[in-house]
2 protein chains.
Amino acid sequence: MTAQPHPERAGVPPSCAACPAFHNRLCYALTQAIAGEPSANEPHDHSALARRSIWREGERLDRVPVICQGWAATAIAMSDGRRQILSFLLPGEMVSAVLIHQPVSQCSVEAITDVRFRMFPRAAIKDALLRQPDLAATVTKLWTDEAARADRLAIDLGRRGAAERIASLILNLADRLQSRGMMQGQTMDFPLRQHHIADAAGLTVVHVGNVLAEFRRGGLIDINERSLTIRDASGLRRVADAD
Amino acid sequence: MTAQPHPERAGVPPSCAACPAFHNRLCYALTQAIAGEPSANEPHDHSALARRSIWREGERLDRVPVICQGWAATAIAMSDGRRQILSFLLPGEMVSAVLIHQPVSQCSVEAITDVRFRMFPRAAIKDALLRQPDLAATVTKLWTDEAARADRLAIDLGRRGAAERIASLILNLADRLQSRGMMQGQTMDFPLRQHHIADAAGLTVVHVGNVLAEFRRGGLIDINERSLTIRDASGLRRVADAD
DNA sequence: CGTGAGCTTGACTTGTTTCAACCAACGTGG
DNA sequence: CCACGTTGGTTGAAACAAGTCAAGCTCACG
């Protein structure tokens, strides 16, 4: 996680011991917001090892988690072992805004890298929402963004081919990392295994491997030792938006 | 729309001229809720002809629509003509709770049958949300249900085969119609064309036709003249949950 | 009567999965 | 230090699911 200091960091106090980079505005905002609430108690900081499940579908959560460090994923599993990853979670993202109002998680969350995350007491968040209009606006934004992401996922899975899906997954991650100051030029830390990509794109591992090899041969990307470089951004975009 | 009177209708005043059946609790609740708001103005009732688009992606909406009569669908279109239906809307459903907070629709909505719908002024709903806790609870429920539906769609499209998707689509519609008193035994009005099913399930029309023919040959369902009968519910469920 | 929308069927192509073998890197315990 | 199992990646061949193309049919509608 070679996070660079965020350009806006200057002059703003860091808030969360687990969040070395200031890109984690959300963690900051929530920590501040609940501090003054009558129902408040301290947020809890946790960590999880790579490849471990953080919690499972159907588990009850009385606290709402925000990722501070590392990558995680939300997924749904079927009883026969098939899995669908719904989203990759980067530092500064709430696992799901729905959890603010719904104590039972409908999808499991697992750590991709080692992960540190902060759990905010639900009751305090709900109280703060009633009193603090800008927190409410923040949460509304999270909600609409999640809905947009879900819709995009549906059209990806329903109507796009393997190469399109994988290319746009890569571009999407690159954008999100860029906005966090976590890209070094065209290169990013890329902890995803092929099976993560497969489960996110609704494909088999083998096929993902083939498509990535194709991208590599076509000079679109380079992948080595947990990092990915976009060699031909416009070519990759062309593959992604075969509209 | 041969809606039967809802069992709980007795004693409760109907609220919406466009909603002959009492199953439309949502329309009722919203009409009541905004009636007392300072910012309130009258909801608008509209109708649209079958197969017409009600509005398009990116259009601005200052009112939030609830379906009163008929079937509609929300969809995303790609510039090359590929489409993905995100949800079928039945009487009593809000097009999307996200619209309460986001004035620009990210998906288009189109009428499947002739449709009547009521548009509630956004400002009045937002005011009412602050003052009326049970309305807030209702909207929260809509939100979490929509999120759950979106997640289910993702796993359907990503990880299930054509027969599974179509069977569970049929069962899902049957459940929702049942809860509205719109099933006659195992038979339902079924205005969907094969191309609707195809766009919802991420398949081609031809393949949908083949799968449906297969279901018919297997004695699972009957379809004729805009109505569908489930002949072998447990068989259909077995196909749907090939978990 | 002609037209277009919707459904069915068949032959053929393409995309994706499945199965299998093999390799490299890594951590672990003897 | 080595032997070993595990995890992750690569490659190839064969099987299968779904898509494409095309034709013919019914039916409603103007």
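Letters go in sequence order (proteins before strands), and every chain restarts at 1. Quick caveat, the model's predicted, so the values are computed rather than measured.
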Could you check whether any side-chain N or O of A/Q102 sits under 3.5 Å from a backbone N or O of B/T144, counting only pairs where one atom can act as donor and the other as acceptor?
no
Using atom types as modelled, flag every donor-acceptor pair under 3.5 Å from a side chain in residues 83-90 of chain A to any protein atom, sequence neighbours excluded.
from	atom 1	to	atom 2	distance (Å)
A/R83	NE	A/D199	OD2	3.0
A/R83	NH1	A/E110	OE1	3.1
A/R83	NH2	A/D199	OD2	3.4
A/Q84	NE2	A/D199	O	3.1
A/Q84	NE2	A/A200	O	3.1
A/S87	OG	A/T74	OG1	2.8

Provide the start and end nucleotides, 5' to 3', of the part of DNA chain C that has atoms under 4.0 Å from heavy atoms of chain A.
C/dT16 to C/dC19
A/S108 side chain vs A/A75 backbone, donor-acceptor pair below 3.5 Å
yes
With sugar-phosphate meaning primed atoms plus P, OP1 and OP2, does B/L212 contact a base, only sugar-phosphate, or nothing at under 4.0 Å between heavy atoms?
nothing
Heavy atoms under 4.0 Å, any strand shown: does A/V206 hit a base, just sugar-phosphate, or nothing?
base
Those residues at least two apart in sequence (or on a different chain) that pass salt bridge (charged side-chain N to carboxylate O under 4.0 Å, His left out) with A/R152 are A/D156
End axis versus end axis in the helix from C/dC1-D/dG30 to C/dG30-D/dC1, the angle rounded to 10°, five pairs used at each terminus
30°
Closest approach of A/L99 to A/P65 (non-hydrogen atoms, all atoms of both residues)
CD1-CD, 3.9 Å
So, does B/R165 use its side chain to make a donor-acceptor pair with the main chain of B/R160 at under 3.5 Å?
yes
In plain terms, say whether A/R237 and A/D232 are close enough for a salt bridge, that is, a side-chain N and a carboxylate O under 4.0 Å apart.
no
Can you pull out the residues from residues 163-174 of chain B that lie within a 4.0 Å heavy-atom distance of DNA chain C?
none
Could you check B/R217 against B/E214 for salt bridge (Lys or Arg N to Asp or Glu O under 4.0 Å), going step by step and ending with a plain yes or no?
CA-CA 5 Å; B/R217 275 192 292 273; B/E214 191 59 42; 3.3 Å; yes
Pick the closest DNA chain C nucleotide for B/H195 and for B/R217 by heavy atoms, then say which residue is nearer the 5' end.
B/H195
Heavy-atom donor-acceptor pair, B/R176 side chain to B/N172 backbone, under 3.5 Å:
no
Compare every heavy atom of A/G202 with every heavy atom of A/L157, then report the nearest pair and how far apart it is.
CD2-N, 4.0 Å
Where the side chain of A/R118 meets the backbone of A/C27, is there a donor-acceptor pair that is under 3.5 Å apart?
no
5'-most contact on DNA chain D (nearest-nucleotide basis), B/V208 vs A/L192, goes to A/L192
The first and last nucleotides of DNA chain D lying within contact of chain B, meaning any atom under 4.0 Å from one of its heavy atoms, run from D/dA18 to D/dC21
Smallest separation among heavy atoms of A/A72 and A/I67, with atom names
CB-CD1, 4.1 Å
Look at the side chain of A/S168 and the backbone N and O of A/A240, then say whether any donor-acceptor pair between them is shorter than 3.5 Å.
no
